[in-house]
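Throughout, a chain's letter reflects where its sequence line sits, starting with A, and its residues are numbered from 1.
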Amino acid sequence: MPLVLYNTLTRAKEAFEPLVPGHVGMYVCGPTVYDRAHIGNARPVIVFDVLYRLLRTLYPSVRYVRNITDVDDKINQRAKDSGEPIAAITERTTRMFHEDMAALNCLPPDVEPRATAHVAQMIAMIETLIAKGHAYAAEGHVLFAVASMSDYGRLSRRSQDEMIAGARVEVAPYKRDAGDFVLWKPSTDDLPGWDSPWGRGRPGWHIECSAMSLQHLGQTFDIHGGGQDLVFPHHENEIAQSTCANGAPFARVWLHNGWLMVEGEKMSKSLGNFFTVRDLLDQAADEKQGGEAIRLAMLSTHYHQPFDWTADGLRQAKATLDRLYTALRGVAGIDSNGYHQVPIDVLAALEDDINTPLAISHLHELATALNKAAGLEDKARHKGALLASGHLLGVLFQDPEAWFKAAPAGGLADAEIEAMIAARAEARKARNFAEADRIRAALLEQGVALEDGAGGTSWKRG
RNA sequence: GGCCGGGUGGCAGAGUGGCUAUGCAGCGGACUGCAAAUCCGCGUACGUCGGUUCAAUUCCGGCCUCGGCCUCCA
């Protein structure tokens with residue numbers, strides 16, 4: 001089965017073929033590092049992490065580039081407000097971003113370029129654009145001339161007339177066209193700046209991705225991803241810059257994940273429904289369990305759809321993982337190493353435009369099959385299939401015991417629980433069921449549930 | 001106003017021109033000292049009005065409705 005992806009450029013699902021057989025280049029817009037990642041930031045990272053994992057199983061060589069935007073007016077503003085130096089803010093925020101995404105079990109990209117390390121390349125690209133008549137300098141700024149590009153607006157499917165009609169901000173007087181956008185802008189002494197042919201200044205927002213994708217993936221590459229909100233203007237402008245400067249096609253397939261809502265409303269600080277990844281991780285029994293549940297919750301809706309983040313959705317994701325880990329816990333002693341293979345239906349679901357909800361439904365079916373499996377061979381086979389499938393989605397990496405025993409601060413220690421279970425076992429042996437039930441109820445009160453099985457009593461928190 | 005994406009059973013959420021999505025919740029049964037977990041069974045959903053078709057939730061059109069984007073928010 002071929003990998004099929006929905007390409008925003010053509011608004012259609014297309015069979016994916018790498019430009020160079022066996023080699024895939026993917027660029028995804030990364031964070032602007034001025035604050036903790038919120039759950040909306042996490043969605044593209046998780047979605048494209050699944051794609052990255054899938055690509056790595058399908059192709060021998062994948063180069064995944066995700067940038068760090070460390071020069072930006074929001075960062076400047078943050079520094080001005082807090083007094084913390086810019087470099088300290090970006091360094092600290094980058095570190096926190098890495099921690100949070102690791103907690104969500106997202107693999108690091110192969111290359112993580114920082115904008116400030118590519119200013120020379122940006123300046124070179126801007127010079128090329130000017131030389132080719134696609135950009136002009138005016139009052140210390142350099143602007144891209146949208147009129148110089150015949151099919152500007154192709155990605156977002158809007159004509160320049162529409163954009164002018166819809167413009168809701170004041171058009172700077174030095175712009176030739178209302179739609180012209182900034183490639184370079186002047187910096188005052190208190191702002192970060194680099195020497196350039198147009199004086200000391202800093203890059204506009206879009207040029208960094210054009211410069212960094214060229215540096216790390218070349219002129220034409222396979223996949224470019226990001227949030228749907230970036231279609232216009234960011235990605236439209238990247239296309240304009242790169243195709244005009246390079247004289248070559250840019251990204252071949254454009255992927256965009258849908259917007260994230262919270263409890264049916266747009267997430268915003270003023271509505272009080274603004275969560276960072278860290279907030280949610282801190283609310284979980286432990287970081288690994290929380291991260292895995294957040295990740296599965298995110299993947300329970302197709303990436304292209306709007307995602308409604310809800311407390312109930314997170315609870316359901318946790319319940320799903322409980323079920324899957326329950327199945328795995330039952331076969332903990334069975335070696336499945338020889339059977340670590342992703343079943344065809346799971347692979348087919350993901351190859352069909354990353355249909356993670358369908359893939360998850362197959363995980364459920366695998367768990368049912370595993371629960372029903374009688375022979376050793378059957379159990380090993382289903383266990384291997386479930387684990388391999390989970391790993392492709394980036395879940396089920398934990399030891400089931402660790403999953404169920406994830407302990408929040410406070411509460412009963414493992415040893416205390418074990419002692420109570422031992423006491424209950426004595427009571428049961430003596431057929432003192434009243435006492436046995438009392439102990440079980442007492443544990444449940446503390447959030448510990450018992451399950452009597454053939455091989456003894458197991459327990460879990462939460 | 002322009003462009004785009006949705007409206008599926010109590011809930012979440014896939015998908016399909018005729019055949020069970022899946023899970024959670026609910027109900028019944030098996031198992032259990034009782035539970036829990038697990039397994040089995042059940043409940044026959046596709047905004048609305050038309051059209052195409054032997055057949056539409058699935059294609060086409062109108063309408064209603066929700067949401068997003070329209071110069072720097074992933």
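- Between B:rC46 and B:rG10, the two P atoms lie 9 Å apart (nearest whole Å).
- Side-chain proximity of A:K460 to B:rU22, B:rU71, B:rA37: nearest is B:rA37.
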Expected string for nucleotides 38-46 of chain B under the B/S/- scheme (protein heavy atoms, under 4.0 Å, primed atoms plus P, OP1, OP2 as sugar-phosphate) is SSS------
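- A:D437 places no side-chain N or O within 3.5 Å of a backbone atom of A:A434 that could act as its donor or acceptor partner.
- Rounding to whole angstrom units, NE2 of residue A:H38 and P of B:rA74 are separated by 6 Å.
- Counting non-hydrogen atoms under 4.0 angstrom, A:G313 reaches nothing in the nucleic acid.
- In this pair, A:W309 and A:F307 present their aromatic rings tilted. The plane angle is within the 30 to 60° band.
- Looking at RNA chain B, the stems built from 3 or more consecutive Watson-Crick or G-U wobble pairs, each pair with its key distances under 3.5 Å, are B:1-7 with B:64-70, B:10-12 with B:22-24, B:26-30 with B:38-42, B:47-51 with B:59-63.
- Rounding to whole angstrom units, CG of residue A:N257 and P of B:rG5 are separated by 16 Å.
- Side chain of A:S187 to main chain of A:P192: a donor-acceptor pair is present (N/O by atom type, distance under 3.5 Å, no hydrogens or angles).
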Any N/O pairs under 3.5 Å between the protein and nucleotides 14-16 of chain B? List them or say none.
from, atom 1, to, atom 2, distance (Å)
B:rA14, OP1, A:H302, N, 2.6
B:rA14, O3', A:N355, ND2, 3.1
B:rG15, OP1, A:N355, ND2, 3.2

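- Residues A:H216 and A:H118 place their aromatic rings such that the two centres sit under 6.0 Å apart.
- Nearest to the side-chain atoms of A:D229 among the listed nucleotides B:rA74, B:rC72, B:rU71 stands B:rA74.
- When heavy atoms are screened at a 4.0 angstrom cut-off, A:E365 is found touching the sugar-phosphate backbone but no base atom.
- If you check every strand for non-hydrogen atoms under 4.0 Å, A:H234 touches nothing.
- For the P atoms, the distance from B:rC42 to B:rG2 is 50 Å, rounded to whole Å.
- More than 12 heavy atoms of other residues, nucleotides or ligands lie within 6.0 Å of CZ in A:R11, so this atom counts as buried by the packing criterion.
- For A:N237 and B:rC70, the CG to P distance is 12 Å, given to the nearest whole Å.
- A donor-acceptor pair under 3.5 Å is formed between the side chain of A:S300 and the backbone N or O of A:A297.
- At distances below 3.5 Å, at least one donor-acceptor pair connects side-chain atoms of A:R461 with backbone N or O atoms of A:K405.
- Remark: side-chain polar atoms of A:E208 are not paired, donor with acceptor, to backbone N or O of A:P203 under 3.5 angstrom.
- Distance noted for atom P between B:rU71 and B:rU48: 36 Å (whole Å).
- We find that CE of A:M261 is positioned 9 Å from C1' of B:rG68, with the value rounded to whole Å.
- Distance noted for atom P between B:rC63 and B:rA25: 42 Å (whole Å).
- Remark: P of B:rU22 and CG of A:D345 are 13 Å apart, rounded to the nearest angstrom.
- When side chains are defined from C-beta on, A:W254 does not count as touching A:L230, because their heavy atoms never get closer than 4.5 Å.
- Within 6.0 Å of the CZ atom in A:R114, the count of heavy atoms belonging to other residues, nucleotides or ligands does not exceed 12.
- B:rG29 sits 15 Å from B:rG43 when the C1' atoms are compared, rounded to a whole Å.
- Between A:F250 and A:F221, the ring planes lie perpendicular to each other; the angle is over 60°, past the 30° to 60° tilted range.
- Nucleotides B:rG62 and B:rC24, compared at atom P, are 41 Å apart to the nearest Å.
- Rounded to a whole angstrom, the distance from the P atom of B:rG18 to that of B:rC60 is 15 Å.
- Within 4.0 Å (heavy atoms only), A:L450 reaches at least one base atom of the nucleic acid.
- In this structure, the CG atom of A:L321 is 12 Å from the C1' atom of B:rG23, given to the nearest Å.
- With hydrogens and angles ignored, a donor-acceptor pair closer than 3.5 Å exists between the side chain of A:D452 and the base of B:rC34.
- In this structure, A:H235 atom NE2 and B:rA74 atom C1' are separated by 9 Å, rounded to whole Å.
- OP1 or OP2 of B:rC69 sits under 4.0 Å from a side-chain N or O of A:K266.
- Annotation: B:rA21 and B:rA12 have their C1' atoms spaced 13 Å apart (nearest Å).
- When atom types are taken as modelled, the side chain of A:E236 and the backbone of A:G153 share a donor-acceptor pair closer than 3.5 angstrom.
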Filtered N/O pairs between nucleotides 26-29 of chain B and protein, under 3.5 Å:
none

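- With A:H364 contributing its side chain and A:I360 its backbone, the two residues share no donor-acceptor pair below 3.5 Å.
- Base contact: A:L260 has a heavy atom under 4.0 Å from a base atom.
- Annotation: proximity of residues 418-436 of chain A to RNA chain B (heavy atom, distance under 4.0 Å) is found for A:R424, A:R428, A:F433, numbered in ascending order.
- Picking from B:rU22, B:rA74, B:rC70 the nucleotide with the shortest atom distance to the side chain of A:F232 gives B:rC70.
- Judged by distance alone, with hydrogens and angles left aside, the side-chain atoms of A:H304 form no donor-acceptor pair with the main-chain N or O of A:H302 at under 3.5 Å.
- The distance from atom CD1 of A:I417 to atom C1' of B:rA36 is 16 Å, rounded to the nearest whole Å.
- Here A:K74 reaches the OP1 or OP2 of B:rC73: one of its side-chain N or O atoms lies under 4.0 Å away.
- Ring-plane geometry between A:Y325 and A:W403 is classed as parallel, the angle between the planes falling under 30 degrees on a 0 to 90 degree scale with a further cut at 60.
- Nearer the 5' end of RNA chain B, as judged by each residue's closest nucleotide, is the contact made by A:G264, out of A:G264 and A:H206.
- With A:S242 contributing its side chain and A:I239 its backbone, the two residues share no donor-acceptor pair below 3.5 Å.
- Remark: A:H134 NE2 to A:L183 CG distance equals 11.5 Å, nearest 0.5 Å.
- Side-chain atoms of A:R440 come within donor-acceptor range of the base of B:rA35, with a qualifying N/O pair under 3.5 Å.
- Shown here are the salt bridge (Lys or Arg N to Asp or Glu O under 4.0 Å) partners of A:D49, two or more places apart in sequence or in another chain: A:R53, A:R295.
- A:N257 has its side chain within reach of A:F48: a pair of non-hydrogen atoms, C-beta onward, lies under 4.5 Å apart.
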